[in-house]
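Everything numeric here is computed off the predicted structure, so don't read it as measured data.
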Amino acid sequence: MITLNINGETRTVDVDPTTPLLWVIRDYVGLKGTKFGCGIAECGTCTVLVDGEPQRSCSLVAADVVGKRITTIEGLDDHPVQQAWLEDEVSQCGYCQPGQILTAVALLD
């Protein structure tokens with residue numbers, strides 16, 4: 001069992017501590033905004049914020065983020081960056097947008 005702080009909520013999941021954070025978020029917690037892209041931490045599609053810093057969740061294991069604040073796209077709660085994204089019609093297909101938005105939020109914060 002691993003206990004994580006995801007979007008301000010304590011989540012206890014029954015996973016191997018070496019499970020990539022990406023799969024914990026998607027498959028065990030059920031938050032689908034974080035996407036799988038390349039699987040080698042190059043593309044940024046799987047980006048989440050860990051203690052406010054952008055991190056590639058495909059290359060982080062669950063055990064590495066115990067005791068840290070994890071923020072996914074679902075945890076932004078209508079952030080001004082999301083509003084600007086919509087107003088300026090930035091999205092194309094939208095698949096990688098969560099990672100881009102979270103990276104922009106971290107940069108501006």
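Between Thr45 and Cys38 the shortest side-chain heavy-atom distance does not fall below 4.5 Å.
Under a 4.5 Å side-chain heavy-atom cut-off, the cluster of Ile, Leu, Val, Met, Phe, Trp and Tyr residues that includes Ile40 has no other member.
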Show me the donor-acceptor pairs within less than 3.5 Å that the side chains of residues 13-25 make with the rest of the protein, sequence neighbours left out.
{"unit_1": "Asp16", "atom_1": "OD1", "unit_2": "Thr18", "atom_2": "N", "d": "2.7"}
{"unit_1": "Asp16", "atom_1": "OD1", "unit_2": "Thr18", "atom_2": "OG1", "d": "2.5"}
{"unit_1": "Thr19", "atom_1": "OG1", "unit_2": "Asp16", "atom_2": "O", "d": "2.8"}

Side-chain atoms of residues 97-109: list all donor-acceptor pairs with protein atoms under 3.5 Å, sequence neighbours left out, distances to 0.1 Å.
{"unit_1": "Gln97", "atom_1": "OE1", "unit_2": "Trp85", "atom_2": "NE1", "d": "2.1"}
{"unit_1": "Gln97", "atom_1": "NE2", "unit_2": "Gln100", "atom_2": "OE1", "d": "3.2"}
{"unit_1": "Thr103", "atom_1": "OG1", "unit_2": "Gly99", "atom_2": "O", "d": "2.8"}

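For Arg26, the salt bridge (charged side-chain N to carboxylate O under 4.0 Å, His left out) criterion is met by no residue, not counting sequence neighbours. Remark: Glu74 pairs with Thr72 by the side chain to side chain donor-acceptor pair (under 3.5 Å) rule, at least two apart or across chains. Listed by chain and residue number, Met1, Thr3 satisfy the side-chain contact (heavy atoms from CB on, under 4.5 Å) test with Thr12 (two or more places apart in sequence, or in another chain).
Remark: Leu76 CG to Gln82 CD distance equals 4.5 Å, nearest 0.5 Å. The line from NZ of Lys68 to CG of Leu60 is 8.0 Å long, rounded to the nearest 0.5 Å. For the atom pair Phe36 CZ and Cys58 SG, the distance stands at 7.0 Å (nearest 0.5 Å).
Legend: side chain to side chain donor-acceptor pair (under 3.5 Å) pairs involving residues 51-63, not counting sequence neighbours, sorted by first then second residue: Thr47-Arg56. For residues 90-109, there are no ring pair (Phe, Tyr, Trp, His ring centres under 6.0 Å) pairs, not counting sequence neighbours. The salt bridge (charged side-chain N to carboxylate O under 4.0 Å, His left out) analysis of residues 77-103, with sequence neighbours excluded, yields no pairs.
In this structure, Leu4 and Ala62 approach most closely via the heavy-atom pair CD2-O, 3.8 Å.
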*Please walk me through it: do Val48 and Thr71 pass side chain to side chain contact (heavy atoms under 4.5 Å, CB included)?*
CA-CA 6 Å; Val48 297; Thr71 305; over 6 Å; no
*Assess whether side chain to side chain contact (heavy atoms under 4.5 Å, CB included) is satisfied between Lys32 and Asp27, documenting all intermediate values.*
CA-CA 8 Å; Lys32 302 297 184 181; Asp27 295 344; 4.1 Å; yes
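The cluster map of Ile, Leu, Val, Met, Phe, Trp and Tyr, joined by side-chain heavy atoms under 4.5 Å apart, puts Val61 and Val66 in different clusters. Linking ILVMFWY side-chain heavy atoms closer than 4.5 Å, directly or via other members, places Val81 and Leu49 in a single hydrophobic cluster.
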